[in-house]
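First the proteins, then the strands, lettered A, B, ... as listed; each starts at 1.
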Amino acid sequence: MTSKRRFPRLLYLLTALFCLILAGVSLFSSAVQPPTDSLPAPDELSVTPVSYAENLVIPYNIAPLNFRIQNEAYDYLTSFVSTKGKPVVIKGNDVRINKQKWKNLLEANKGEALLVTVYVKRDGIWFHFPTIRYQIAMEPIDSWVLYRTTQPSVSYRGEMVLIQRNLESFKEKTIFSCTVADESNKAELSNALFPSYHPTLPVYANTVDKNGKLVAFMNQELSTTFNESASILLTSTTVNEANSSKDSSQNKLEAFPSWSKDGKYLFSSIAVTGSNPTKASAGKTVHFNLVRRSFLSSSVSTGQADTLVNAALLGKSAVSPCLSPDGRYLLFCMTDDGNKPLWHKSSDLFVLDLSNGAWRQLDIVNSSEVDNQPVWSSNGRWMMFGSNRTDGTYTRLYLAYFDNEGMVHKPFIVPQKYPSRDEETFFSCNTPTFLSKPNTTSQLRLLGYLLDIFEN
Amino acid sequence: MTQTNGRKTGNRPINPAPSQAGPKVNKPTIPIPGTRRSIVHLVEAKRFPLLIFVLFSVFVLYQTMGINRPVFWKLHDQALFLTDLTFLKECLSYVGGLSVYVGSFFNEFFFYPWLGALLYTAFLLLVATITSRIFRLKGWLYPLALIPSLLLLLTVTQNGYLIYLIKLDAFAYVAVLGLLISLLGAVLGSKKREPVVQSLLALVYMLVAYPVSGVYSILGILLFVIFSAKHQLTVKEKKHLIPMGVALLALWLVPVAYDHWVFDTTNQQLLYVLNLPSYLNTDQEHLLWLPYLSGAIFFLVLSIITPIKKPTKSTLLNMAPFILLLATVVLYDNRTYKDENFKSELRMMEASENGDWNQVLHQAKEVKDEPTRLMVMYTNLALFKLDKLGNEKYHYQDGNKPRLDPRGILDSYIAGPSFFFHYGKMNYCYRWCMENTVEYGKSVTNSKYFVLSSAVNGQKELARKYNHLLERSLLHRPLSKKLAAFIENPTLLDKDPNYCKVRALTNFSDFLDSDYSKLEEFLILNFANTRGGPPEMVELCLLANMDLRNPEQFWPDYFYYTEVYKKPLPIHIQEAALLYNHIQNTNYINPYLYHPAVLARFDQFLTMVQQYAGMPDYEVSTYFKPSFGDTYWFKFSFNTQQTESAKEQKYSPYSP
């Protein structure tokens with residue numbers, strides 16, 4: 001009896017205590033206000049990731065741009081203020097913003113500016129750094145992105161993993177890992193996940209060598225395929241038909257296939273390897289041009305190549321084409337070297353305006369390190385690409401706004417829940433693709449496994 | 001009191017007859033050593049378990065701290081424990097990851113060999129103690145409890161060169177922790193409970209143990225099933241079959257469920273054998289599964305036959321557990337990798353990583369057998385660091401003994417980063433650090449050379465990223481602090497006794513091309529084709545051309561060295577110059593630059609050459625070796641890389 005009486009009393013007490021703590025916490029948090037009498041900081045703001053200290057254009061549905069302040073100080077405050085909604089103030093040098101508050105702030109201020117001010121306290125005095133301005137774009141970004149992680153080694157490929165990441169939150173899931181496969185078919189499996197799919201027909205394009213074997217890492221394996229040929233293989237999944245690109249021949253490499261959104265054209269890069277180039281000379285003698293072929297759906301084949309960018313004339317290689325959804329702009333990479341073209345520091349991003357045939361370098365997004373593999377969001381307002389600008393080795397994914405005028409804005413790294421995550425991990429992210437909804441292939445694995453058992 | 005007495009009685013092992021039979025004291029109480037009766041008496045002695053426990057502890061300490069110390073040092077080097085959340089999350093993302101995480105923590109202590117050895121021994125003794133408790137192995141049965149610990153030790157000592165290739169971090173501790181988790185299954189199964197509770201326990205065990213330890217949970221649940229079955233046999237109630245059924249279902253479905261809902265990187269073919277070392281399915285590596293398989297079978301059989309009743313009479317049967325332990329010791333001895341060169345390589349590696357170059361040379365002198373090329377390379381590196389290469393290179397034993405490892409591991413895997421760094425090939429150093437890290441995971445040595453090569457190359461951000469890795473480690477923060485200074489100011493390397501010559505060797509072509517994975521050959525060819533540079537570089541070039549017996553490329557460097565640096569010529573270079581001058585019949589020699597003793601010795605050498613002209617090389621070499629074995633003339637004239645053992649492919653690393 002006594003215990004029965006005591007229990008509810010204890011429960012009430014605990015509830016009251018909980019409420020008290022909650023009230024205390026909320027009071028305390030609302031009490032955090034940016035200082036009003038701060039002085040300009042004598043030093044420059046240093047944050048990780050570096051790109052978050054720039055004035056940026058960001059989508060309203062992006063996950064919080066969490067960062068870490070690297071400047072030495074006794075205390076830190078960071079305020080996020082816009083015209084509407086409640087400002088967000090974060091204490092400490094690890095600026096991790098509440099997802100909901102961030103979302104509310106951004107959605108309430110589409111088209112407005114989000115002002116970010118960092119305050120640091122030194123010797124009892126508050127200092128502030130110049131305010132950073134994040135322009136919140138009216139256009140959203142696709143919610144999901146699919147990318148592959150690899151390790152930047154020469155011989156070993158490590159464990160290639162296919163990851164699906166939600167850009168609105170930090171949720172990510174491994175949907176395929178080569179660890180599930182045998183050593184012998186890891187590379188093929190990896191590539192099998194990355195053909196260029198025709199937008200409407202059950203046809204996909206892959207790069208194959210002269211034996212019809214999938215070239216899993218075009219960058220890497222170019223050096224071994226130089227004395228042979230590589231071509232684009234079109235495969236129809238319904239009529240079980242496979243055709244190589246028309247002018248595939250000895251001493252010719254064709255790679256990096258990419259469809260136009262209407263499926264009428266296939267873009268790719270073609271290089272003539274000359275006669276018997278050595279691996280070392282390949283970089284100097286082999287250059288890729290950007291071409292477009294019409295697609296003949298009736299015969300699952302392509303027409304003659306129409307050169308769009310003659311990079312070979314400049315002694316360069318143009319690779320990795322990607323057409324904007326409206327069909328006007330073609331993003332691509334250009335590099336000095338034909339051997340492993342996407343691995344060289346000279347690899348920069350370019351855009352070709354198909355309406356007038358003019359192409360230009362995207363200076364604002366390029367860095368002194370490798371910038372490669374650009375892709376478009378489904379609304380054509382955002383581009384994503386890989387760059388190893390942080391440390392010169394590990395490629396990370398960057399986003400940049402592409403406005404109505406065809407101008408691109410400053411890029412920023414894909415946000416992480418823990419700002420130091422990119423620093424602490426040792427893999428490269430590449431071959432990004434935007435997705436409107438998450439992939440569910442892993443769910444089929446259990447079904448497949450059970451079916452196997454019952455069938456056997 | 002009664003209980004205490006009872007326990008004492010229970011513990012008193014064996015034939016109580018002599019002590020109880022007061023009048024029959026005529027029987028000898030002290031057995032004659034060496035007789036069968038003496039062994040039986042020993043086994044039946046009251047303090048026999050304690051004695052054998054102590055002996056076993058000493059044996060394990062001798063193995064871990066003594067003869068296999070370099071192996072355990074390498075284990076520590078190969079698995080880097082990081083104190084941050086990212087590492088934990090990384091470990092939790094695959095089956096068995098938590099045991100790798102905890103194992104890496106303990107593995108880190110091999111950094112201090114005595115501490116690591118004590119900890120590891122304590123774990124093995126813990127396994128023995130728990131085994132004896134669960135299976136009631138007391139008194140005469142106690143030797144059986146030590147068998148699993150011995151097999152665990154064998155899982156480490158049997159590998160030899162394969163320790164470089166096992167893709168399971170901290171595998172020594174993973175097996176120990178895994179076995180402890182397996183024994184937990186036996187503990188849960190051995191208690192008598194209501195079927196529903198027991199079934200729930202089986203499910204919970206599998207749900208917790210599988211992600212933590214992988215294959216070891218399978219053994220654990222099997223032990224659970226056997227204990228439950230034994231219980232069912234005693235009570236003979238059908239409801240007691242339920243826990244067994246649930247356990248078997250859990251064994252089948254829990255791994256499948258984890259693969260589907262939790263882990264994304266599992267190879268379905270390996271679903272039930274995860275968390276084991278990556279031995280290949282080859283004849284040479286099949287036997288490496290022996291300790292794992294025999295351990296599993298041992299536990300399964302033991303769980304079926306225990307509790308074992310003592311034979312009513314004192315017979316030889318009482319000795320069976322002891323004999324079984326002895327048999328395991330024989331197996332241990334038979335399967336332990338005994339190639340001394342393997343351990344010498346590791347000792348040299350450890351000394352070189354610690355910058356103790358004199359210790360490397362000491363190890364080189366200690367070697368009785370023909371050395372491997374890597375040992376010769378370590379010796380040459382140490383001589384180079386101590387400014388003795390040109391004077392003493394041929395004072396040390398040369399050799400080319402092949403490694404007997406089943407996969408033909410290359411020098412570049414074992415020590416590529418270190419040699420490429422010390423010889424100034426930063427891009428190659430970085431490349432091999434990357435290859436090794438991608439394939440076999442993060443290691444202390446690779447992380448160190450990642451930092452150093454990036455720092456020398458001026459890639460500060462990258463160097464900081466790798467140094468951050470050591471910063472987050474448990475015991476390598478002092479190293480990280482030291483490296484941080486080099487990152488900010490690489491010129492400090494010039495003042496460090498370990499790295500002082502490195503930057504001087506970097507101002508040359510370091511364009512990353514293929515080294516064909518041949519470490520020594522690549523370095524020699526690279527130096528042989530390099531011209532000019534600081535004296536350290538010219539000396540290496542001269543010696544490389546001497547190795548290649550290439551006078552045409554030798555002379556330009558020779559003149560550069562004598563005329564630009566005007567330094568005294570190292571003895572071996574004097575020897576080479578005299579020899580080439582004689583062979584080519586040139587007049588490049590300025591006798592004033594030469595030591596009179598070298599000139600006199602060369603005359604003796606030429607006289608001896610004339611004396612033995614026309615005789616076969618292998619015969620002549622034995623006459624020349626005592627007088628000229630430490631000269632370049634001997635190296636030039638005879639192949640000093642002994643090849644006898646290379647021909648004897650039957651030699652086994654498992655025999656002494």
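With sequence neighbours excluded, the residues forming a side-chain contact (heavy atoms from CB on, under 4.5 Å) with Asp422(A) are Arg396(A), Ile413(A), Gln416(A), listed by chain and number. Considering only residues two or more places apart in sequence or on other chains, Ser447(B) meets the side-chain contact (heavy atoms from CB on, under 4.5 Å) condition with Leu80(B), Leu469(B), Leu470(B). A search for side-chain hydrogen bond (donor to acceptor under 3.5 Å, both in side chains) contacts involving Glu461(B) returns Arg464(B), not counting sequence neighbours.
At a heavy-atom cut-off of under 4.5 Å, chain A is reached by Leu85(B), Thr86(B), Lys89(B) from residues 85-99 of chain B, listed in order of number.
Relative to the six-membered ring of Tyr398(A), Arg389(A) meets both conditions, a distance below 6.0 Å and an angle of at most 45° to the axis.
For Lys460(B), no part lies under 4.5 angstrom from a heavy atom of chain A. With a 4.5 angstrom heavy-atom cutoff, Ser420(A) does not touch chain B via any of its atoms. When heavy atoms are compared at a cutoff of 4.5 Å, Tyr394(A) approaches chain B solely by way of its side chain, counted from C-beta outward.
Ser387(A) and Asp371(A) are linked by a side-chain donor-acceptor pair at a separation below 3.5 angstrom, with hydrogens and angles left out of the test.
Between Lys481(B) and Glu471(B) there is no salt bridge, since no side-chain nitrogen of the basic residue lies less than 4.0 Å from a carboxylate oxygen of the acidic one.
Counting heavy-atom pairs closer than 4.5 Å to chain A, the top residue among Leu82(B), Asp84(B), Thr437(B) is Asp84(B).
With hydrogens and angles ignored, the 3.5 Å screen pairs a side-chain donor or acceptor of Ser367(A) with a backbone N or O of Glu369(A).
Tyr413(B) pairs in a ring pair (Phe, Tyr, Trp, His ring centres under 6.0 Å) with only one of the listed residues (Trp432(B), Tyr164(B), Phe419(B)), which is Trp432(B).
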